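Worth saying up front: this structure is predicted, and the values here are computed from it rather than measured.
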Protein chains: 2
Amino acid sequence: MLTNRQLQILKVIIDDFILTAQPVGSRYISKKESVDFSPATIRNEMADLEDMGFLEKTHSSSGRVPSEKGYRFYVDHLLSPSELSSKEKTIFEETFGKRVLEFEQVVEKSAGILSELTSYTSIILGPEVFENKLKQLQITPLTEEAAVAVLVTNTGHVEHRVFSVPVEIKPSDLEKMVNILNDRLQGIALIELPNRLNEEIFSLLREHAEHYNDAIKYLRSALVNDRPAKLYVGGKTNMLMQPEFRDIDKIRSIMSMIEDERDIAKLLKTNDRGIQTMIGHENPFNALQNCSIITANYYLGNQQVGTVALLGPTRMEYNRVVALVEELSKHMTKTFKEWY
Amino acid sequence: MLTNRQLQILKVIIDDFILTAQPVGSRYISKKESVDFSPATIRNEMADLEDMGFLEKTHSSSGRVPSEKGYRFYVDHLLSPSELSSKEKTIFEETFGKRVLEFEQVVEKSAGILSELTSYTSIILGPEVFENKLKQLQITPLTEEAAVAVLVTNTGHVEHRVFSVPVEIKPSDLEKMVNILNDRLQGIALIELPNRLNEEIFSLLREHAEHYNDAIKYLRSALVNDRPAKLYVGGKTNMLMQPEFRDIDKIRSIMSMIEDERDIAKLLKTNDRGIQTMIGHENPFNALQNCSIITANYYLGNQQVGTVALLGPTRMEYNRVVALVEELSKHMTKTFKEWY
DNA sequence: ATTTAGCACTCGGAGGATATGAGTGCTAAC
DNA sequence: GTTAGCACTCATATCCTCCGAGTGCTAAAT
């Protein structure tokens with residue numbers, strides 16, 4: 001168990017290190033207004049905190065630096081999430097105040113302001129469209145052999161896919177099929193579409209169209225949706241301004257990781273409510289060992305649709321950042337709610 | 001006028017510097033098989049080449065480094081574009097051999113292989129959609145107050161836009177309007193749509209729909225297309241591997257520039273045929289002063305639709321790179337042709 | 001008239017010595 | 001339990017020296 005004094009000293013050290021990125025020494029701490037123990041006392045406490053694993057030294061005679069365990073403790077017990085500044089508040093209000101109709105735009109903008117306000121890199125996992133319900137299907141022939149299928153969902157999301165059509169199938173057949181499909185598939189989740197095509201609709205189509213076998217084969221290819229949720233990233237270059245990433249090789253591995261999207265997307269797909277933090281090695285990726293990630297999901301009703309995340313160095317301004325990520329996710333949830 | 005010997009020496013120096021990124025000395029050159037002048041002779045020639053502005057020194061007793069003028073001369077007169085290696089050829093064949101139906105995918109893939117093969121950053125300016133002809137318009141009501149307009153063009157490109165609909169307008173009205181519009185606007189270039197809406201169609205709509213005034217106002221907002229051509233970037237992190245960009249600040253300004261897209265898009269919009277090169281200060285942007293850009297347009301018939309570009313350090317492997325960019329642009333042009 | 005050998009000179013970079021200062025741990029006194 | 005005092009450690013900065021790669025110039029060789 002930590003004494004009050006230890007708590008206080010630990011907090012001061014971490015707060016200060018987050019600000020300056022420099023190891024913190026005992027003399028420096030003792031000069032703070034809020035502190036009036038002598039440097040020697042503080043040194044003793046620091047030695048104890050180090051024994052307990054909350055602090056580290058960069059070399060034998062350096063000041064102390066928080067360990068990952070230290071950050072973890074700080075985030076779990078010492079953090080007092082800051083109020084948003086009035087400037088931050090107005091930015092949120094301006095962004096979410098005006099009515100925007102396209103979800104993409106909201107997310108993109110959100111990623112922008114989050115990275116702007118924090119100077120870290122924001123990553124927003126867009127909504128999965130698999131669960132969206134089909135509102136309308138349209139097939140437009142392009143050439144003799146190709147057509148484009150357009151799927152509009154209840155959320156206003158539009159998917160399209162060009163697919164080949166065997167020449168034997170006449171446009172009029174195609175039209176009939178689309179009518180049937182529209183009739184039968186409305187309100188079905190996108191991910192269900194290929195299945196549905198099998199069961200009931202199969203026989204219906206057979207009655208109305210020639211070459212239904214071919215047709216179904218190709219239609220299915222048009223209806224299969226395997227696109228992963230989109231990632232919206234803001235402030236990629238912010239990472240380059242962090243003193244811990246002066247090293248080109250570190251930056252490169254982080255950048256490649258963000259560029260690649262797949263791992264990141266996997267990492268962010270959590271179902272937990274509220275703010276989540278991953279500090280340093282708590283994430284499995286080598287490239288991100290000096291990073292922390294703050295995430296919060298956003299919802300439509302009770303269903304989670306996506307995730308807001310912020311990537312920065314482990315030495316992150318947790319108090320500000322946590323407040324901002326939380327606020328943003330709330331705003332996004334609210335926006336969703338207003339729409340549907 | 002340069003003597004043959006000067007040409008030869010200049011070429012050797014630039015070739016070598018491109019390879020090693022190290023200043024080239026006289027002794028080193030004289031040891032090359034293809035050269036048999038003494039170091040002293042070479043030094044004299046180098047001094048002359050420096051006077052003429054083709055070479056530079058990094059400090060008073062260093063070897064020589066090409067100046068921008070040197071690179072320019074090299075590219076214009078000394079370059080023998082290399083044949084593609086068999087490995088490169090097969091990669092191109094594999095990529096463009098199989099039939100892909102979506103243009104986006106082709107471009108994305110292209111950007112990928114170009115950056116892969118060159119280790120630089122590839123940037124492909126996608127086709128402008130303004131000139132595409134409308135194939136089909138569809139409007140799907142989402143809620144009482146919002147609908148999504150989907151535009152399919154002759155190239156299979158799909159645009160969509162959510163717009164608000166005044167409550168007075170009934171879905172049946174909307175449907176009528178869409179029918180009229182589809183009838184009247186088919187084959188019209190996207191960029192023309194808002195204009196066309198004015199002239200002829202105005203009166204037609206008036207006859208068939210109530211509240212046509214409101215309707216037109218909102219419809220226009222749905223048909224206006226102000227989306228710029230998309231930029232496809234591959235190998236952003238490749239820049240981080242160039243020794244001239246070990247400096248974080250340089251990297252940051254380059255990255256921000258690429259991230260921002262607007263300036264780059266403007267820079268790439270040229271109409272010239274064939275391979276274009278911009279070396280160092282030939283481009284107006286501070287961030288790219290140590291970079292060269294190779295571009296080639298790709299075409300549909302005779303009409304230019306987009307641009308392939310490669311961004312690297314001025315010390316670029318021009319001979320390989322020029323061949324690759326050219327080859328890629330040709331493949332893309334060919335793919336286009338096959339489609340339409 | 002070129003070309004080349006020779007030599008003095010320049011500069012960057014590597015390596016080593018030294019000083020400085022911020023910081024620690026420990027001990028003994030308060 | 002707290003603190004003053006002191007010896008000790010290590011990173012960093014500075015200075016010096018040395019080395020080598022490279023040059024420019026001059027005078028000799030072709």
**Student:** Tell me which nucleotide among D/dA4, D/dA11, D/dG24 gets nearest to the side chain of B/Ala47.
**Tutor:** D/dG24

**Student:** Starting at NE2 of A/His59 and ending at P of D/dT12, how long is that distance when rounded to a whole Å?
**Tutor:** 7 Å

**Student:** Does A/Arg64 contact C/dG25 through a side-chain donor or acceptor facing the base, at a distance under 3.5 Å?
**Tutor:** no

**Student:** Nearest whole Å is fine: how far is D/dG22 P from B/Asn44 CG?
**Tutor:** 17 Å

**Student:** Are A/Arg72 and A/Glu282 within salt-bridge range, i.e. N to O under 4.0 Å?
**Tutor:** yes

**Student:** With distance as the sole criterion, do the side chain of B/Ser61 and the base of D/dT23 form a donor-acceptor contact below 3.5 Å?
**Tutor:** no

**Student:** Find which nucleotide of DNA chain D each of A/Arg5 and B/Val24 is nearest to by heavy atoms, and output the residue with the more 5' nucleotide.
**Tutor:** A/Arg5

**Student:** For B/Thr58 and for B/Glu45, locate the closest nucleotide of DNA chain C by heavy-atom distance; then report the residue assigned to the nucleotide nearer the 5' terminus.
**Tutor:** B/Glu45

**Student:** Counting only side-chain N and O atoms of B/Thr41, is one of them less than 4.0 Å from OP1 or OP2 of C/dT4?
**Tutor:** yes

**Student:** Choose from D/dT3, D/dG24, C/dT3 the nucleotide whose nearest atom is closest to any side-chain atom of B/Lys57.
**Tutor:** D/dG24

**Student:** Quick check for you: among C/dT24, D/dA4, C/dC11, whose closest atom lies nearest to any side-chain atom of A/Ala40?
**Tutor:** D/dA4

**Student:** Between B/Ser38 and A/Gly25, which has a closest nucleotide on DNA chain C that is more 5'?
**Tutor:** B/Ser38

**Student:** Determine whether A/Thr307 and A/Asn297 satisfy the following criterion, side-chain hydrogen bond (donor to acceptor under 3.5 Å, both in side chains), listing intermediate values before the conclusion.
**Tutor:** CA-CA 4 Å; A/Thr307 306; A/Asn297 294 324; 2.8 Å; yes

**Student:** Round to the nearest Å and state the distance from A/Arg27 atom CZ to C/dG21 atom P.
**Tutor:** 13 Å

**Student:** Of all the heavy-atom pairs spanning A/Ile251 and A/Met239, show the shortest one and how long it is.
**Tutor:** CD1-O, 3.8 Å

**Student:** Would you mind reading off the distance between B/Ile42 atom CD1 and D/dT23 atom P, rounded to a whole angstrom?
**Tutor:** 10 Å

**Student:** Decide, yes or no, whether a salt bridge links B/Glu45 with B/Arg5 under the criterion of side-chain N to carboxylate O below 4.0 Å.
**Tutor:** yes

**Student:** Please determine whether a side-chain nitrogen of the Lys or Arg among B/Glu327 and B/Lys89 lies less than 4.0 Å from a carboxylate oxygen of the Asp or Glu.
**Tutor:** no

**Student:** Should B/Arg43 be listed as having a side-chain N or O under 4.0 Å from OP1 or OP2 of C/dT4?
**Tutor:** no

**Student:** B/Gln22 has an atom CD; how far is it from atom P of D/dA21, in whole Å?
**Tutor:** 13 Å

**Student:** CG of A/Asp36 versus P of D/dA4: gap in Å, rounded?
**Tutor:** 12 Å

**Student:** Return the value, rounded to whole Å, for the distance between atom CD1 of A/Ile29 and atom P of D/dT3.
**Tutor:** 14 Å

**Student:** Strictly below 4.0 Å: does B/Ser60 bring a side-chain N or O up to OP1 or OP2 of C/dC11?
**Tutor:** yes

**Student:** Separation of B/Glu50 atom CD from D/dG22 atom C1', in whole Å?
**Tutor:** 13 Å

**Student:** Among the nucleotides D/dC10, C/dT4, D/dT3, which one has an atom lying closest to any side-chain atom of A/Phe37?
**Tutor:** D/dT3

